A.B. asks: 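Below is one structure. I have some questions about it.
As the structure is a prediction and not an experimental result, all values here were calculated from the model.
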Amino acid sequence: MTSLSLEFFHSCSAGAGSTKAFPNSFSKRRIRPSHIQTHVSLSCSSRIFSSYSCSATLSSMAEEVEKQTFDVERAALLVQELRGSFNSGKTKDYEWRISQLKGIAKMVEEKEQEIIQALHEDLSKPESEAFVSEISMTKGSCKLAIKELNRWMMPEKAKTPMTTYPSSAEIISEPLGVVLVISTWNYPFLLSLDPVIGAVAAGNAVVLKPSEIAPATSSLIAKLLEEYVDNSAIRVVEGAVAETSALLEQKWDKIFYTGSGRVGRIVMAAAAKHLTPVILELGGKCPVIVDSNVNLQVAARRIIAGKWGCTNGQACIAPDYIVTTKDFAPKLIDALRDELEEFFGKNPMESKDLSRIVNAYHFIRLTKLLDEAKVSDKIVLGGQRDEKQLKIAPTILLDVPEESLMMNEEIFGPLLPILAVENLEDGFDVINSKSKPLAAYLFTNNEQLKKHFVRDISAGGMLINDTILHLTVSTLPFGGVGESGMGSYHGKFSFDAFSHKKAVLYRSFDGDASVRYPPYTPGKLRLLKALMSGNIIVIILALIRWLRSADKIDQ
């Protein structure tokens with residue numbers, strides 16, 4: 001196994017602990033390891049079959065698996081096929097783009113219950129959360145793209161300088177070509193389809209690789225897209241390590257990856273071999289600063305909605321830790337306790353409104369954070385866990401040591417540490433001592449503090465007096481900075497992310513001046529300098545001087 005495969009194995013699939021089978025092929029007949037194992041077991045244990053027939057079955061199954069394996073060769077053939085479709089020019093056509101967007105919108109509308117069921121199977125995601133955060137947002141992206149596509153595709157006029165007179169210019173948005181979208185598991189439907197919508201709107205051919213850690217949703221997306229869109233230009237590759245590695249070996253015109261920074265580095269390294277541009281939507285430790293002059297109940301509710309209402313904290317923009325003053329921390333904890341009980345009951349482990357941890361690997365990772373020395377005694381609320389159900393209750397901790405794993409790794413789960421500081425300015429230092437986050441939140445009514453926060457904290461995006469809602473605003477770019485990612489999308493930013501802005505300058509054969517051509521003279525140089533200065537008076541004076549000198553030469 002290559003180092004790339006090993007990294008993917010440890011960060012995406014290894015120890016995933018899910019009893020669900022992982023898809024292993026992009027073909028219409030999807031063969032999964034668990035299916036093979038069951039078949040072999042039944043064949044070998046049956047008294048009807050002899051040892052010879054059992055061996056024959058094993059051999060036959062091995063041949064079938066080999067045929068279905070998605071390797072580098074098959075990945076190359078897939079890219080070649082899609083590049084042929086793109087080169088035919090059909091994906092550039094407005095009508096083709098609109099028809100694919102309408103197909104995706106129709107798919108989401110008609111298969112809503114199947115989507116909700118898949119999300120529940122993968123994450124125990126509540127129906128309301130699945131609808132609001134995945135289905136409605138995907139619908140919204142489609143609706144906006146369909147409505148605005150004609151305007152997005154129109155060339156943008158650009159001003160031209162005096163040095164190119166007479167001329168006109170425009171900027172044309174052209175599709176990049178064949179692009180790869182690698183999705184993640186926490187919002188497996190939205191984060192798969194949202195970038196695909198942008199790529200299709202921009203006129204590209206697309207390969208989508210959904211996350212194998214959300215196998216029900218991955219399988220459903222593969223089945224539905226095969227039915228609702230043009231498969232000659234839009235394809236889904238299911239699978240895990242081998243499939244992703246094979247895809248990353250290929251030459252793409254852009255790669256869009258959502259996931260961890262660790263795998264993001266691998267994606268970027270693979271892309272660098274072909275000078276392929278990338279968009280990396282990663283994460284980080286998203287901070288929340290809470291001032292004492294706020295509506296405490298509203299602040300607590302909005303923090304809870306952004307933390308435990310987002311796949312139980314398994315979201316890249318979920319609050320990762322809170323900073324508040326020592327005097328205010330007890331009041332904030334009491335407010336969070338009251339509102340958590342209001343939302344999820346006295347025993348949140350029984351609540352149907354909390355998603356489960358995605359698999360055993362991440363459950364163990366989170367319990368390791370909780371059980372670390374000098375951390376376990378910092379729990380002030382929650383801490384209950386059930387490994388069989390893969391559930392961890394909303395957990396609040398106070399004054400977790402800065403050197404702990406919890407304060408140095410992205411939590412990505414239902415644990416929320418609170419750091420108590422002497423004054424909020426100290427909290428700014430805490431935030432700036434860490435890598436730049438994907439999102440940063442501030443709760444305050446102090447206008448000076450708001451200005452200070454916006455000016456002095458660097459983050460992918462910011463929200464004042466709420467959490468997570470900024471990503472629903474299609475007129476705002478969504479993306480990271482530094483280790484939280486690069487590039488952005490949403491709304492027209494998605495269209496732009498998968499487009500090349502081609503500069504075009506138009507000139508006629510009129511206005512051809514000898515000043516630009518040899519032989520070079522002091523007079524020509526003076527006129528060129530005047531033209532490049534952009535000062536109309538200087539240009540006129542230089543032109544008069546030039547004409548006078550030209551007249552003398554003619555005489």
Side-chain angles (χ1 to χ4, degrees), residues 26 75-105 107 138 141-142 144-146 148-156 171-183 190-210 221-222 225-226 228-237 244 247-258 267 270-271 274-281 477-479 486-502:
F26 83 111
L77 289 173
L78 173 62
V79 174
Q80 183 181 357
E81 179 185 336
L82 293 183
R83 201 165 292 284
S85 293
F86 175 78
N87 290 339
S88 74
K90 72 174 181 177
T91 67
K92 298 180 181 181
D93 183 66
Y94 171 81
E95 294 300 330
W96 182 88
R97 303 186 202 191
I98 285 292
S99 68
Q100 304 314 303
L101 294 171
K102 287 182 176 178
I104 295 172
M107 175 189 81
T138 305
S141 293
C142 268
L144 180 67
I146 291 168
E148 300 291 343
L149 183 59
N150 189 55
R151 185 173 65 84
W152 291 349
M153 290 177 64
M154 289 179 65
E156 178 186 345
I171 302 167
I172 295 175
S173 296
E174 66 175 11
L176 294 170
V178 183
V179 301
L180 172 64
V181 174
I182 305 175
S183 185
L190 173 68
L191 297 183
S192 292
L193 272 296
D194 208 2
V196 168
I197 289 166
V200 169
N204 298 279
V206 189
V207 172
L208 168 64
K209 166 60 183 67
I221 289 172
L225 284 181
E226 191 173 353
Y228 282 89
V229 299
D230 180 1
N231 297 148
S232 70
I234 305 170
R235 299 287 282 274
V236 178
V237 174
T244 309
L247 289 170
L248 286 174
E249 287 291 323
Q250 309 310 311
K251 164 65 178 172
W252 304 93
D253 295 295
K254 195 156 200 174
I255 298 175
F256 187 109
Y257 169 75
T258 304
V267 171
H274 302 286
L275 292 180
T276 299
V278 297
I279 291 180
L280 302 178
E281 294 295 339
F478 178 76
M486 62 180 67
S488 60
Y489 70 126
H490 286 187
K492 187 175 185 294
F493 299 101
S494 293
F495 176 87
D496 291 339
F498 290 101
S499 298
H500 166 60
K501 301 299 181 181
K502 182 165 64 178

A.B. asks: Report yes or no: do Ser173 and Lys501 form a side-chain donor-acceptor pair below 3.5 Å?
C.D. replies: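 A pair is found: one side chain offers a donor N or O, the other an acceptor, under 3.5 Å apart.
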A.B. asks: Side chain of Asn204, backbone of Leu176: donor and acceptor closer than 3.5 Å?
C.D. replies: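 Such a contact is found between Asn204 side chain and Leu176 backbone.
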A.B. asks: Tell me whether the centres of the aromatic rings in Phe256 and Tyr489 are closer together than 6.0 Å.
C.D. replies: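 Between Tyr489 and Phe256, which both carry aromatic rings, the centre distance is below 6.0 Å.
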A.B. asks: Could you report the tightest heavy-atom contact between Gly203 and Pro175, atom names first, then the distance?
C.D. replies: O-CB, 3.3 Å
A.B. asks: Is Trp252 close to Val79 at the side-chain level, that is, under 4.5 Å between some pair of heavy atoms?
C.D. replies: yes
A.B. asks: More than 12 heavy atoms of other residues, nucleotides or ligands under 6.0 Å from CD of Glu174: yes or no?
C.D. replies: yes
A.B. asks: Would you call Thr138 and Ile197 a side-chain contact if the rule is heavy atoms closer than 4.5 Å?
C.D. replies: yes
A.B. asks: Quick check for you: to the nearest 0.5 Å, what is the distance between Tyr228 atom OH and Ser99 atom OG?
C.D. replies: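 Answer for the OH-OG pair, Tyr228 versus Ser99, is 15.0 Å.
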A.B. asks: Less than 4.5 Å apart, side chain to side chain, heavy atoms only: is that true for Met107 and Val229?
C.D. replies: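 Met107 does not reach Val229 side chain to side chain.
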A.B. asks: Taking everything shown except Lys90 itself, do over 12 heavy atoms lie less than 6.0 Å from its NZ?
C.D. replies: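 Enclosed.
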A.B. asks: So Met486 and Val278, side-chain contact (heavy atoms from CB on, under 4.5 Å) or not? Walk me through it.
C.D. replies: CA-CA 8 Å; Met486 62 180 67; Val278 297; 3.9 Å; yes
A.B. asks: Is the backbone of Leu247 close enough, under 3.5 Å, to the side chain of Lys209 for a donor and an acceptor to pair up by distance?
C.D. replies: no
A.B. asks: Which atoms form the tightest heavy-atom contact between Ala201 and Ala145, and what is the distance?
C.D. replies: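 Smallest heavy-atom distance, with atoms named: CB-CB, 4.4 Å.
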A.B. asks: Give the minimum heavy-atom separation between Leu248 and Leu180, together with the two atoms involved.
C.D. replies: CD2-CD2, 4.2 Å
A.B. asks: From Ile104 CD1 over to Ser141 OG, what is the distance, rounded to the nearest 0.5 angstrom?
C.D. replies: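 The CD1 atom of Ile104 sits 10.0 Å away from the OG atom of Ser141.
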A.B. asks: Is a side-chain N or O of Ser183 found less than 3.5 angstrom from the main chain of Ser192, in a donor-acceptor match?
C.D. replies: yes
A.B. asks: Atom CD of Glu156 and atom CZ of Arg151: how far apart are they, to the nearest 0.5 Å?
C.D. replies: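 Result: 11.0 Å between the selected atoms.
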A.B. asks: Closest approach of Ser232 and Leu82, non-hydrogen atoms and distance?
C.D. replies: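 Minimum heavy-atom separation between Ser232 and Leu82: O-CD2, 3.2 Å.
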A.B. asks: Under 4.0 Å between a Lys/Arg side-chain N and an Asp/Glu carboxylate O for Arg97 and Asp93?
C.D. replies: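 Salt bridge flag = no for Asp93 with Arg97.
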A.B. asks: Please give me the minimum heavy-atom distance between Pro195 and Val181, naming the atom from each residue.
C.D. replies: CG-CG1, 3.7 Å
A.B. asks: If you measure from CD1 on Ile255 to CG on Leu280, what distance do you get to the nearest 0.5 Å?
C.D. replies: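 That separation rounds to 9.0 Å.
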A.B. asks: Before giving the answer on side-chain contact (heavy atoms from CB on, under 4.5 Å), spell out for Val237 and Leu208 the whole-Å C-alpha distance, their side-chain angles and the decisive distance to 0.1 Å.
C.D. replies: CA-CA 6 Å; Val237 174; Leu208 168 64; over 6 Å; no
A.B. asks: Checking Asp253 side chain against Val178 main chain: does a donor-acceptor pair fall under 3.5 Å?
C.D. replies: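 Yes, Asp253 side chain to Val178 backbone: donor-acceptor pair under 3.5 Å.
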A.B. asks: Give the minimum heavy-atom separation between Phe498 and Ala202, together with the two atoms involved.
C.D. replies: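 Heavy atoms only, the tightest pair is O-CB, 3.5 Å.
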A.B. asks: If I take atom CG from residue Leu191 and atom OH from residue Tyr257, how far apart are they, to the nearest 0.5 angstrom?
C.D. replies: 11.5 Å
A.B. asks: How long is the straight-line distance from NZ of Lys502 back to CD1 of Ile171, given to the nearest 0.5 Å?
C.D. replies: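 Reported to 0.5 Å precision, the distance equals 12.5 Å.
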A.B. asks: Can you confirm whether Asp194 sits close enough to His490 that some side-chain heavy atom of one is under 4.5 Å from a side-chain heavy atom of the other?
C.D. replies: yes
A.B. asks: Do the non-hydrogen side-chain atoms of Ile279 and Glu281 ever get within less than 4.5 Å of each other?
C.D. replies: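 A side-chain contact under 4.5 Å exists here.
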A.B. asks: Look at Arg235 together with Glu81 and state whether they make a salt bridge at an N to O cut-off of under 4.0 Å.
C.D. replies: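 Here Arg235 pairs with Glu81 in a salt bridge, since their nearest N and O are under 4.0 Å apart.
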A.B. asks: Whether the side chain of Gln100 engages the backbone of Asp230 through a donor-acceptor N/O pair (distance < 3.5 Å, no angle test) should be reported.
C.D. replies: yes
A.B. asks: Going by the angle between their ring planes, with limits at 30° and 60°, are Phe495 and Trp152 parallel, tilted or perpendicular?
C.D. replies: tilted
A.B. asks: Before you tell me yes or no, could you show the steps for Val207 and Val179 under side-chain contact (heavy atoms from CB on, under 4.5 Å), namely the whole-Å CA-CA distance, both residues' side-chain angles and the distance that decides it to 0.1 Å?
C.D. replies: CA-CA 6 Å; Val207 172; Val179 301; over 6 Å; no
